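First up is the structure itself, then whatever we jot down about it.
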2 protein chains.
Amino acid sequence: MRNFRHPAISDIQLESVLYALSDPVRLSIVRQLAREGEATCAALDGGRPKSSMSHHFRVLRECGIVKTRNDGTSHMNELRSGDLNSTFPGLLAAILAAPK
Amino acid sequence: MRNFRHPAISDIQLESVLYALSDPVRLSIVRQLAREGEATCAALDGGRPKSSMSHHFRVLRECGIVKTRNDGTSHMNELRSGDLNSTFPGLLAAILAAPK
DNA sequence: TTTATTGTTCGATAATATTCGAACAATAGC
DNA sequence: GCTATTGTTCGAATATTATCGAACAATAAA
């Protein structure tokens with residue numbers, strides 16, 4: 001429950017990012033993070049089981065969309081907006097601007 | 001082999017579009033269409049079986065990315081760039097601009 | 001009408017993902 | 001140390017997708 005795999009900027013793949021964001025649960029996590037800046041896993045589950053959410057956080061992490069850090073017993077998540085924007089300029093903004 | 005389902009602009013869903021583009025084969029189809037304007041299915045297969053390609057064209061069609069029309073025995077495909085851009089401004093451009 | 005060309009549809013198989021309970025791990029606080 | 005809290009990992013069931021051969025459909029051309 002400590003060392004997370006975060007890809008380097010150069011390893012972020014467009015296909016993986018698009019795939020991760022094609023899931024409604026993950027997309028809503030990303031939208032909420034964009035609004036709130038950062039949030040714990042608990043603050044981002046919608047009453048869903050922890051194990052399901054943990055899976056979605058892993059997908060978001062391992063494709064380079066989210067960065068997770070330890071904060072006591074909880075995990076704080078934030079978007080890697082800068083990294084994403086430097087790799088795919090305008091992509092995140094376009095997705096976040098899309099009608100919900 | 002005649003009537004294709006093309007969603008109306010208002011029915012184009014972000015998640016479906018992202019999912020469709022998260023596949024390498026489909027993404028490369030879209031890139032080629034962006035370069036060449038339009039192309040038949042045959043011009044877009046990379047030596048892959050027709051039935052596989054037909055599946056991918058269907059996914060691209062049914063999520064609103066590609067418009068297919070009959071042209072003799074062949075099918076001509078083109079991007080619905082205008083429709084996509086009016087629904088998700090900047091999204092297609094950002095994806096096409098991404099490093100390959 | 002026969003034949004060739006271009007794709008679609010069907011059906012089966014294999015590969016991947018999603019979901020979630022249960023067990024486990026890490027930290028905080030008493 | 002003991003307990004509560006937060007999330008991860010494991011494992012299994014279910015669902016979804018991708019792949020592709022074979023059969024079919026539509027048009028064109030001989």
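Because the structure is predicted, anything quoted here is derived from the model rather than measured. Below, read A as the first sequence line, B as the second, and so on, with proteins coming before strands; counting in each chain starts at 1. All values below were derived from every heavy atom in this structure, side-chain atoms included, with hydrogens, water molecules and symmetry-related copies excluded.
- Between B/Phe4 atom CZ and D/dA25 atom C1' the separation is 11 Å, expressed in whole Å.
- Atom CD1 of A/Ile9 and atom CG of A/Asp83 lie 3.5 Å apart (nearest 0.5 Å).
- One atom, CZ of A/Arg69, and another, C1' of C/dA26, lie 17 Å apart when rounded to the nearest Å.
- A/Leu60 places its CG atom 14 Å from the C1' atom of C/dA17, with the value rounded to the nearest Å.
- For residues 86-100 of chain B, there are no side-chain hydrogen bond (donor to acceptor under 3.5 Å, both in side chains) pairs, not counting sequence neighbours.
- Rounding to whole angstrom units, CE of residue A/Met53 and P of D/dT9 are separated by 15 Å.
- Considering only the side chain of B/Thr73, D/dT27 comes nearest among D/dT8, C/dT8, D/dT27.
- A/Glu38 pairs in a salt bridge (charged side-chain N to carboxylate O under 4.0 Å, His left out) with only one of the listed residues (A/Arg69, A/Lys67, A/Arg80), which is A/Arg69.
- Counting heavy-atom neighbours within 6.0 Å of B/Arg58 CZ, excluding the residue itself, gives a total of 12 or less.
- What separates CZ of A/Arg58 from P of D/dT9 is a distance of 6 Å, to the nearest Å.
- Within the structure, every side-chain polar atom (N or O) of B/Ser74 is placed at least 4.0 Å from both OP1 and OP2 of D/dT27.
- Atom P of nucleotide C/dT27 and atom NE2 of A/His75 are separated by 9 Å, given to the nearest angstrom.
- The ring of B/Phe57 has its center no closer than 6.0 angstrom to the ring center of B/His75.
- Set against D/dG7, C/dT9, C/dG7, the side chain of A/Cys41 has D/dG7 as its closest nucleotide.
- Between the CG atom of B/Asn70 and the P atom of D/dA26 there is a distance of 11 Å, given to the nearest Å.
- One interatomic measurement links the two molecules: CE of A/Met76 to P of D/dG7, which rounds to 9 Å at whole-angstrom precision.
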Letter per nucleotide, 5' to 3', of nucleotides 15-24 of chain D [B base touched, S only sugar-phosphate touched, - untouched; heavy atoms, 4.0 Å]: --SSBBBB--
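- Atoms CG and NE2, on A/Asp23 and A/His56 in that order, are 5.0 Å from each other to the nearest 0.5 Å.
- Here the CG-CG distance, from A/Leu21 to A/Leu92, works out to 7.5 Å after rounding to the nearest 0.5 Å.
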